[in-house]
Amino acid sequence: MKVVILAGGYGTRISEESFSRPKPMIEIGGMPILWHIMKGFSAQGYTEFIICAGYKQHVIKEWFADYFLHTSDVTFDYTGNDTKVIIHNKHTENWKVTVVDTGLNTMTGGRIKRIKEYIGEETFILTYGDAVGDIEINNLVSFHQSHGKIGTISVYNFGQNKGVLDIEKNGVVNAFREKSDLDGDLVNIGFMVMEPQIFERIEGDATVFEQEPLNSLVKDCELIARIHNGFWQCMDTLREKQQLEKLWDSDKCPWKVW
């Protein structure tokens, strides 16, 4: 089953890093967050990827073109008439990666529509290129196959990290209590499974996937949510990048399932 990764946005909320490269290429522990996402999938047996690129898409293509240089020792021999490049202990992943330029200003739905020819009539996994988690992909796929609907989305409850106040409209405090999992909002975290019929619900480049296509699935009772109770974190801001860096440097990096 192919994994489609949305990696074409501008990443304006983390412009300190994204001004020179796409957000999925911002590094955590010396490797792009895109690499971390792909490592998580490949550790669970999913090794074919389609990357929906856009903003500075050449950076993604060049990184994969030189991937073996990033992960191996290299000797550049200039002593003769011809330059020799010797790769020592060459290491690459067992991946098949298709990077597609889906347009600079294309919306998320449009990017998905543009990779239809690479999917064909197959079920596929869809996620975002700026978040990591310890999602059990095989269980997610099995869940999707069990209900027979067009789409499955993973949702996550951020909960609250402070005490919770129950307050009346006039400001009177009824109770002060500890947080519970019921206090947070469930949000779409990517890690979706889609049937190819989803392409029929995307009009074109201007379509935002999270609006018309997903809402049409909701209207037709064709979208099922699966709650993820483990770890998940996006990288929208510099602060969140720093938090992920600290976790990576610790002995308890929750998304490192490889």
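- Here the straight-line distance linking atom CG of Leu140 with atom CD of Gln44 works out to 9.5 Å at 0.5 Å rounding.
- The same ILVMFWY cluster, assembled from side-chain heavy atoms under 4.5 Å apart, contains both Ile135 and Val187.
- Side-chain rings of Phe199 and Phe124 approach one another, their centers coming within less than 6.0 Å.
- With values rounded to the nearest 0.5 angstrom, Thr102 atom OG1 is found 8.0 Å from Leu6 atom CG.
- Crowding of Ile86 atom CD1: a count of heavy atoms from other residues, nucleotides or ligands under 6.0 Å exceeding 12.
- Expressed to the nearest 0.5 Å, how far SG of Cys234 lies from CD1 of Ile14 amounts to 10.0 Å.
- For the pair Ile33 and Val132, the minimum side-chain heavy-atom distance is below 4.5 Å.
- The salt bridge (charged side-chain N to carboxylate O under 4.0 Å, His left out) pairs that include a residue from residues 196-207 are Arg114-Asp205, Arg201-Asp220, where partners are two or more places apart or lie in different chains.
- Side chain of Arg111 to backbone of Gly8: a donor-acceptor contact under 3.5 angstrom is found.
- Two different hydrophobic clusters hold Tyr10 and Ile5 under the rule that ILVMFWY side chains link at heavy-atom gaps under 4.5 Å.
- Considering every non-hydrogen atom in both Met1 and Tyr46, the closest pair reads O-CD2, 3.8 Å.
- Shown here is Glu136, whose CD atom has no more than 12 heavy atoms of other residues, nucleotides or ligands within 6.0 Å.
- When all heavy atoms of Ala7 and Ile51 are compared, the closest pair comes out as CB-CG2, 3.7 Å.
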For this session: Tell me, with the steps shown, if Ile227 and Asn157 meet side-chain contact (heavy atoms from CB on, under 4.5 Å).
Result: CA-CA 8 Å; Ile227 297 175; Asn157 189 333; 5.6 Å; no
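- With His144 as the fixed residue, the side chain to side chain donor-acceptor pair (under 3.5 Å) test singles out one of Arg226, Glu195, Lys149: Glu195.
- Taken together through direct or relayed side-chain contacts under 4.5 Å among Ile, Leu, Val, Met, Phe, Trp and Tyr, Phe41 and Trp95 form part of one hydrophobic cluster.
- Proximity of Ile224 to Phe143: side-chain heavy atoms (C-beta onward) are separated by under 4.5 Å at one or more points.
- By the 4.5 Å heavy-atom criterion applied to side chains, Phe209 and Met194 are counted as neighbours.
- Note on Tyr67: it clusters hydrophobically with Met25, by side-chain heavy-atom contacts below 4.5 Å among ILVMFWY residues.
- The closest side-chain heavy-atom distance from Thr75 to His88 is below 4.5 Å.
- A donor-acceptor pair is defined here as one N or O able to donate and one able to accept, closer than 3.5 Å; such a pair exists between the side chain of Asp134 and the backbone of Phe231.
- Between the CH2 atom in Trp232 and the CD1 atom in Ile189 there is a gap of 6.0 Å [rounded to 0.5 Å].
- Judged by distance alone, with hydrogens and angles left aside, the side-chain atoms of His36 form no donor-acceptor pair with the main-chain N or O of Lys39 at under 3.5 Å.
- Shown here for Trp248 and Cys253, the closest heavy-atom pair between the two residues is CE3-SG, 3.5 Å.
- Minimum interatomic distance between Val4 and Cys52 (heavy atoms only, all atoms of both residues): CG1-SG, 3.7 Å.
- Minimum interatomic distance between Ile28 and Met235 (heavy atoms only, all atoms of both residues): CD1-SD, 3.9 Å.
- Side-chain contact between Leu69 and Ile87: present, with at least one pair of heavy atoms (C-beta onward) separated by less than 4.5 Å.
- Using cut-offs of 30° and 60° on the angle between ring planes, the pair Trp63 and His70 is parallel.
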For this session: Take Asn188 and Leu214 through the side-chain contact (heavy atoms from CB on, under 4.5 Å) test and state the conclusion after the steps.
Result: CA-CA 11 Å; Asn188 173 19; Leu214 288 188; 4.3 Å; yes
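- Here the two rings, on Trp35 and Trp258, have centers that are under 6.0 Å apart.
- Counting all heavy atoms, side chain and backbone alike, Pro24 lies closest to Pro32 at O-CB, 3.5 Å.
- Note: Phe76 and Tyr78 have parallel aromatic rings, judged against thresholds of 30 and 60 degrees for the angle between ring planes.
- For Gln57 (side chain) and Asp101 (main-chain N/O), no donor-acceptor pair under 3.5 Å exists by modelled atom type.
- Side-chain contact between Thr207 and Pro213: present, with at least one pair of heavy atoms (C-beta onward) separated by less than 4.5 Å.
- In this structure the side chain of Ile37 never reaches within 4.5 angstrom of the side chain of Val3, judged on heavy atoms.
- We find the OG1-CZ distance between Thr127 and Phe191 to be 4.0 Å, quoted to the nearest 0.5 Å.
- Enclosure of atom CD in Glu121 is not indicated, since only 12 or fewer non-hydrogen atoms of other residues, nucleotides or ligands lie within 6.0 angstrom.
- Counting only distance, with no hydrogens or angles, the side chain of Lys2 and the backbone of Glu48 share no donor-acceptor pair below 3.5 Å.
- With a 4.5 Å cut-off on side-chain heavy atoms, Glu240 and Gln243 count as touching.
- Atom CG of Asp77 is surrounded by more than 12 heavy atoms from other residues, nucleotides or ligands within 6.0 Å.
- At a threshold of 4.5 Å between side-chain heavy atoms, the hydrophobic network of Ile, Leu, Val, Met, Phe, Trp and Tyr places Leu104 and Val59 in two separate groups.
- Once rounded to the nearest 0.5 Å, the distance linking CZ of Phe64 with CD of Glu93 reads 9.5 Å.
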